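Accompanying notes for the structure given below.
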Amino acid sequence: LNNAVRGAFASSIPAIVAAHTYQDGALWKDTLVALSKSSSTEELTFDFNDGGSWDDGFLNDTNAAIELIAHLPKSLKEFHIEHAPFGKPLIDAIIDFINSDGVALEKLTIANICVGGLVGGKDSGLGLANAIASNSNGYGSLKELELFCTDLIGGRNIMEWTQALKGNSSITSVKVYGLGGREADESSFDKATSTVGLVCDARMRVFHARDGNPKFPDAMMDKGQEMDFKEALSAENKDVIVQWMD
């Protein structure tokens, strides 16, 4: 009972932000431990959108975000994370968590998160796809996957994603929304990485093919790829929704 009560408190965003803001290492550690030991927390949503409940101190602390993901409770059934500006380390932490012994996550939603870089989004997406392809540990329980407005799935890794999702018999529902409806802030284009910020959220930087089609190859795909993806998964009796990918 004590773990359940402490965990329920520690899983609240105000408690997490307060522990981080207080600049007390012991309090932060205690909060993370309480969160990890929660036996009653089955659903969590972390939306790091500016103007929300997260302060600038946390939004600029990638290490704290990674520690937070590493201490998610194993009782978690549904996890939704959005607008998290922490790049590849965040995706790696999510992979580590859901592949941990004893984790039985049933629904994963990653929304409005871009890793960026020449191959960052593509490669991080491959890492997540490879983990999902394995039915070991908690992945045997994953039923629903939602990837919304992220560079983790697109034309440059859609073949690997298709094979990964076909290989996971527990997944019955896949929803993928691309960046087809988003506009690039061309003034923010970085030649060194070929990335650009989005008008809707400058923190989201994505690989940008300025003269190519699609404009965001790691978050979009052509019609042929989309059709092949949907047909392959539908053949495995999976519900598939794909929007804004071209």
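Remember, it's a predicted structure, so these values are computed and weren't measured experimentally. Hydrogens, waters and symmetry mates are skipped; everything else that's a heavy atom, side chains included, is used.
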Q.
Once ring pair (Phe, Tyr, Trp, His ring centres under 6.0 Å) is applied, do any residues pair with F207, and if so which ones, sequence neighbours excluded?
A.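 Residues passing ring pair (Phe, Tyr, Trp, His ring centres under 6.0 Å) with F207: none at all.
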
**Q.** ring pair (Phe, Tyr, Trp, His ring centres under 6.0 Å) partners for F97, two or more places apart
**A.**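 Residues passing ring pair (Phe, Tyr, Trp, His ring centres under 6.0 Å) with F97: none at all.
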
Rounded to the nearest 0.5 Å, how far apart are [atom1] of [X] and [atom2] of [Y]?
{"X": "S169", "Y": "N237", "atom1": "OG", "atom2": "CG", "value": "12.0 Å"}
{"X": "L35", "Y": "L68", "atom1": "CG", "atom2": "CG", "value": "6.5 Å"}
{"X": "L145", "Y": "S170", "atom1": "CG", "atom2": "OG", "value": "10.5 Å"}
{"X": "E186", "Y": "F189", "atom1": "CD", "atom2": "CZ", "value": "8.0 Å"}

Got a donor-acceptor contact below 3.5 angstrom from the [X] side chain to the [Y] backbone?
{"X": "S38", "Y": "A34", "result": "no"}
{"X": "R205", "Y": "T195", "result": "yes"}
{"X": "Q225", "Y": "D222", "result": "yes"}
{"X": "T150", "Y": "I113", "result": "yes"}
{"X": "H20", "Y": "I16", "result": "no"}

Q. After noting the C-alpha distance and the side-chain angles of K223 and D246, does the key distance pass the salt bridge (charged side-chain N to carboxylate O under 4.0 Å, His left out) rule?
A. CA-CA 7 Å; K223 277 294 187 182; D246 59 0; 3.2 Å; yes

Q.
Centre-to-centre under 6.0 Å for H80 and F46, is that the case here?
A.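 Between H80 and F46, the centre distance exceeds or equals 6.0 Å.
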
Q.
Check for me whether the distance between the ring centres of F48 and H83 falls short of 6.0 Å.
A.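 Ring centroids of F48 and H83 are no less than 6.0 Å from each other.
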
Q: Using only heavy-atom distances, determine whether the side chains of T21 and D55 contain a donor-acceptor pair under 3.5 Å.
A: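 Indeed, the side chains of T21 and D55 share at least one donor-acceptor pair under 3.5 Å.
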
Q) Taking atom types as modelled and ignoring hydrogens, do the side chains of N112 and R182 form a donor-acceptor contact shorter than 3.5 angstrom? A)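 There is such a pair (donor and acceptor under 3.5 Å, judged by atom type) between the side chains of N112 and R182.
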
Q. Does atom NZ of K238 have more than 12 heavy-atom neighbours from other groups under 6.0 Å away?
A.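 Yes, the 6.0 Å shell around NZ holds more than 12 heavy atoms from other groups.
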
